[in-house]
Trainee: 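Below: one structure in structure tokens.
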Amino acid sequence: MPAFFIRADAVQDDRILLTGELCHHLTASLRIKQGETVLLTDDRGRRYRTSVDQVAKSSLSLRIVAQAEAPPQQGPSLLLAQAILKGDHMDWVIQKAGELGVASIIPLIARHGVVRPREDRIAAQLARWQRILTEAAQQSEQWRLPLIQEPVEARTFFAAPPTPYVMVLLERHGGARLWDVPLPVEPVDLVAVAVGPEGGWAEEEIDAAQRHGGQAIALGAQILRAETAAIAAVSILQCRVGRLG
């Protein structure tokens, strides 16, 4: 069973009381019963093995059987800056990135991107993407809840990145390979990898990235689909910092 995320204030002594959406999911969708085991992770980095005590119409009472602290984080957290992809390709990238343990995802509005978000639908789309990301992280028993951030123009992101260490994937790039490029050490606690749309980055986007410290990176000689490149890059980086492999 997944390790579901909860707020720390749901924990009271040796009991946890669940209401709202998670309670409904456990009781209505998973049909959880009294005596069954549920794994829960709070926003302080504590994981609880619980036993269901009482199932009510709108609440779920659980008894804490055991608890554990999150292990020390290995290496910097990973931000995936992903150009918005068409159809369900974006959903797939978000899901797999969540399983692989990214800390956050920023959807980028790229010049050559096929999809541009509609202003009146951004809130609903973000909520949907966050559900996909949360469910994926829970399924793979991540210790921290990853977050989807507001979409931004790619040039805006490159001009003011949230970390000084941004790797930009480029096709047919003869420079550094992702497996070989040096990764930062402390005190850098966040690195970002930026993956372009189906049509690739525009020249002005690459220029903006490089002017502000972004490093051009290649995955290899093969030309990968955008969604494949994203997951390959995340997997390589998570292996390098010790979270996979």
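All figures in this text were calculated on a predicted structure; none of them were measured in a lab. For reference, positions follow the sequence shown, starting with 1.
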Trainee: Gln130 and Thr134: side-chain donor and acceptor closer than 3.5 Å?
Mentor: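 Their side chains do contain a donor-acceptor pair, which is all the 3.5 Å distance test asks for.
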Trainee: Out of curiosity, does Phe5 fall in the hydrophobic cluster containing Val102 (side-chain heavy atoms, cut-off under 4.5 Å, transitive links)?
Mentor: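 Hydrophobic grouping puts Val102 apart from Phe5.
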Trainee: Please assess Tyr48 against Arg46 for the test side-chain contact (heavy atoms from CB on, under 4.5 Å), listing each intermediate value before the final yes or no.
Mentor: CA-CA 7 Å; Tyr48 306 91; Arg46 294 176 182 170; 3.6 Å; yes
Trainee: Do the side chains of Thr37 and Ser51 get nearer than 4.5 Å, heavy atoms only?
Mentor: no
Trainee: So does Lys33 get a backbone contact from the side chain of Glu36, meaning a donor-acceptor N/O pair under 3.5 Å?
Mentor: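 Checking the backbone N and O of Lys33 against the side chain of Glu36, a donor-acceptor pair under 3.5 Å is found.
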Trainee: Could you tabulate the donor-acceptor pairs under 3.5 Å formed by side-chain atoms of residues 142-158, not counting sequence neighbours?
Mentor:
unit_1, atom_1, unit_2, atom_2, d
Gln142, NE2, Glu99, O, 2.9
Gln142, NE2, Ser140, OG, 3.0
Glu153, OE2, Arg116, NH2, 2.7

Trainee: Any side-chain heavy atom of Ser59 sitting closer than 4.5 Å to one from Leu18?
Mentor: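 A side-chain contact is absent here, since even the closest heavy-atom pair is not under 4.5 Å.
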Trainee: Which residue pairs pass the ring-ring contact (aromatic ring centres under 6.0 Å, His included) test when at least one of the two sits in residues 68-127, sequence neighbours left out?
Mentor: none
Trainee: Strictly distance-based, threshold 3.5 Å: is any side-chain N or O of Asp189 a donor or acceptor partner for the main-chain N or O of Pro76?
Mentor: no
Trainee: Answer whether the closest heavy-atom distance between the side chains of Ile105 and Val93 falls below 4.5 Å.
Mentor: no
Trainee: So, Gln34 side chain and Asp53 main chain: donor-acceptor pair closer than 3.5 Å or not?
Mentor: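 Flag set: sc Gln34 to bb Asp53 pair under 3.5 Å.
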Trainee: What's the separation between atom CD in Gln138 and atom NE2 in His25, rounded to the nearest 0.5 Å?
Mentor: 7.5 Å
Trainee: Taking C-beta and beyond as the side chain, do Pro107 and Gln82 meet within less than 4.5 Å on heavy atoms?
Mentor: no
Trainee: Flag the pair Asp42 and Arg47 as a salt bridge only when some basic side-chain nitrogen lies within less than 4.0 angstrom of an acidic carboxylate oxygen.
Mentor: no
Trainee: Checking Leu80 against Leu78 for the side-chain contact (heavy atoms from CB on, under 4.5 Å) test, could you report, in this order, the C-alpha distance in whole Å, the side-chain angles of both residues, the deciding distance, and whether it holds?
Mentor: CA-CA 6 Å; Leu80 172 62; Leu78 179 58; 5.7 Å; no
Trainee: Is it possible for you to say whether Leu170 and Leu85 belong to one hydrophobic cluster, with membership spreading through side-chain heavy-atom contacts below 4.5 Å?
Mentor: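 Hydrophobic grouping puts Leu170 apart from Leu85.
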Trainee: Mind checking what makes salt bridge (Lys or Arg N to Asp or Glu O under 4.0 Å) contact with Asp88, not counting sequence neighbours?
Mentor: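 Testing Asp88 for salt bridge (Lys or Arg N to Asp or Glu O under 4.0 Å), a comparison that skips the adjacent residues, returns none.
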Trainee: Leu17: which other cluster members, linking ILVMFWY side chains closer than 4.5 Å, directly or transitively?
Mentor: none
Trainee: Do the side chain of Gln12 and the main chain of Asp9 share a donor and acceptor less than 3.5 angstrom apart?
Mentor: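 It does hold such a pair.
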Trainee: Do other residues, nucleotides or ligands put more than 12 heavy atoms under 6.0 Å from Glu69 CD?
Mentor: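 More than 12 within 6.0 Å, yes.
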Trainee: Would you mind writing out the side-chain donor-acceptor pairs for residues 194-203 within the sub-3.5 Å range, not counting sequence neighbours?
Mentor:
unit_1, atom_1, unit_2, atom_2, d
Glu198, OE2, Lys86, N, 3.1
Trp201, NE1, Leu169, O, 3.0

Trainee: Sub-3.5 Å donor-acceptor pair from the side chain of Gln238 to the main-chain atoms of Gly101, do we have one?
Mentor: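 Pair found, side chain donor or acceptor close to backbone of Gly101.
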Trainee: Would you find a donor on one side and an acceptor on the other, under 3.5 Å apart, between the side chain of Thr163 and the backbone of Leu190?
Mentor: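 Here the side-chain-to-backbone pair exists.
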Trainee: Using a strict 4.0 Å threshold on nitrogen-to-oxygen distance, state whether Arg111 and Glu204 make a salt bridge.
Mentor: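 Yes, charged N to carboxylate O under 4.0 Å.
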Trainee: List the atom of Leu178, the atom of Val181, and the distance in Å for their closest heavy-atom pair.
Mentor: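 Leu178 and Val181 have their closest heavy atoms at O-CG1, 3.5 Å.
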Trainee: Surrounding CZ of Arg49 (heavy atoms of other residues, nucleotides or ligands, distance under 6.0 Å), is the total greater than 12?
Mentor: no
Trainee: By side chain to side chain contact (heavy atoms under 4.5 Å, CB included), which residues pair with His24, not counting sequence neighbours?
Mentor: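 Applying side chain to side chain contact (heavy atoms under 4.5 Å, CB included) to His24 gives Ala28.
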Trainee: Step through the shown structure and confirm whether more than 12 heavy atoms of other residues, nucleotides or ligands are within 6.0 Å of CZ on Arg31.
Mentor: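 Atom CZ in Arg31 is not packed in, count stays at 12 or less.
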Trainee: Let me check something: do Met90 and Val193 share a hydrophobic cluster, defined by ILVMFWY side-chain heavy atoms less than 4.5 Å apart, either directly or through other members?
Mentor: yes
